[in-house]
Amino acid sequence: MSLPQGIDFRATSGYVTDPADHTYEISITANYPRTTAQGNNVGWETTSDSRNRSTSPDARIAGIHRTTGTTVTTYRIDLPATGDYKIRLAAGDYSYSAGIKVEIFDTTTSLGIIADTSTTASQRFRDATDAEHTAANWPANNASVTKTFASTILRAKVGDTAGGGGVIACLYVEAASTTHTAAYPDSATPVDTQTATLITATALGESATALDAISAALVTSAAYAETAATADAYTATLVVAGQSEYSDTATALDAITAALVTSTAWADAAVPVDSIAAALVAQSAYADSAAPADSYDATLVSGGTSSYADQATPVDAYTAVFIARADYADACTAQDLYAGALAGEADPALRQSIYLRLADQAPFVRLSDQSPIAKL
Amino acid sequence: MAVPYTRLQALKLLLQIERNLNGLQFDFRANATTWKAAAQAQSIPRATLEAQMNSAAAAYQARLGWLGTLQANGAVWSVVADLWTTIGGTGAEFTDLMTPFNAVADGLGPADKGTYAKIITVCNQILATIDVPPSLWPE
């Protein structure tokens, strides 16, 4: 079904030629439903009477359908949809003045009487606002009325139960334009901007917030654009340098770690002390768990001419002295100190005998009658 | 008290079916004749004529659909069918009538109406498919 649809009431189809969007109605018996050439289902639901009047005026008002007395007859036009429709009307008789009453219904609900005043003479027609026009004037000057339909059935009831009959020459219906075709005029809200950005997939046009910068950086993997925080500096340094794939939550200590990592193959959880250990490692193949004391060891090791590898102790310092001066390899003891005093006696057994000699004689006896110093 | 469904209501329905289907046969031919004349005279823009023909196709289908809806109501249709058989009618008669009607209604919308000549062809096909309905007086 599609509108507009004009119905020209008369007695025979070929009496005149209907204009575009119009068709004739010649049935005087109930003939709903009939499908017009315009594609709409229309028709009388009750009986009426018809006349051809004149081919002189506009074809739309060349004839009539009518009721007499208190009879009311109903004409139905099926609408394509609910909504607003403009209605035009020619209620009158080219040949006589006539009683007029046309009421519009939305299925069974009255939408009002659109014409209710008898015409004053022949060749007079009431329009949809009950204004009277001459036959010559009606085509260009008839006014429409807009009605809102909650159903898809338009009924036009012609006649008056109070008497006087009713006449209709032309009924015309078209859709009233209610849709907006222009751009959407509502007042945009901030949310709309964001929505538009998402839809267009172009550069972000809204007022960016700090979070947006982070999002953008993550998305594009381009330069970091947010207001950087101090912690970010460490992060950036580690990342930008590209020397490691250090991606944890960086801390200040990590800067030191990075330095350590870059200079040696030191890969444990570095601590400040390790800097010393690293120095030790760098100078020699010293690989044990270094301790501060090792500094002494290192000195011993590095200054010595032999490979001393035991668990060195401070006493060893003395020992090392002895070692350096002689080819003395036994497990020296403190007494070696005395033995050392006789260093000129190379024979250890002799030094021991000297020791024993002192022992088999009461050292104090010998010493008592002799000055030990003299004996010696 | 519920109103019983009787042959009285069935008679009304049968008469409505008669008006609907006989009227449809008349409208098929009347509208095809009108469209053919308009296409031959090119008195209506082709696109407008095509739109009107497509609207009529939808209107025809709506009218045929009412009968299908009624037939789907078993309780009501059984009384209508009973009344139909009482006057000597058969189910096959409905089928024989509905077949060409459905063919015209269903084929009109998709038919090629791209030129005035094609519109005339479509109209001639309708006129060849649907016979003139019998009438006591000239219609």
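The sequence lines fix the lettering, A, B, ..., with proteins before strands; numbering per chain opens at 1. Keep in mind it's a predicted model, so treat the numbers as computed, not measured. Because only heavy atoms are used, hydrogens play no part in the values below, and waters and symmetry mates are left out as well, while side chains stay in.
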Checklist entry - Only one of A:Thr35, A:Asn41, A:Thr36 clears side-chain contact (heavy atoms from CB on, under 4.5 Å) with B:Asp27; which? => result A:Thr35
Next on the checklist: Once rounded to the nearest 0.5 Å, what's the spacing between atom CE of B:Met53 and atom CD of A:Gln38?
Outcome noted: 13.0 Å
Checklist entry - Do other residues, nucleotides or ligands put more than 12 heavy atoms under 6.0 Å from A:Tyr15 OH? => result yes
Checklist entry - Where is the tightest heavy-atom contact between A:Gly39 and B:Ala59, given as atom of each residue plus distance? => result O-CB, 3.7 Å
Next on the checklist: For A:Pro33, is there any backbone N or O sitting under 3.5 Å from a side-chain donor or acceptor partner on B:Arg19?
Outcome noted: no
Checklist entry - Taking atom CZ of A:Arg34 and atom CG of B:Asn20, what is their separation to the nearest 0.5 Å? => result 14.0 Å
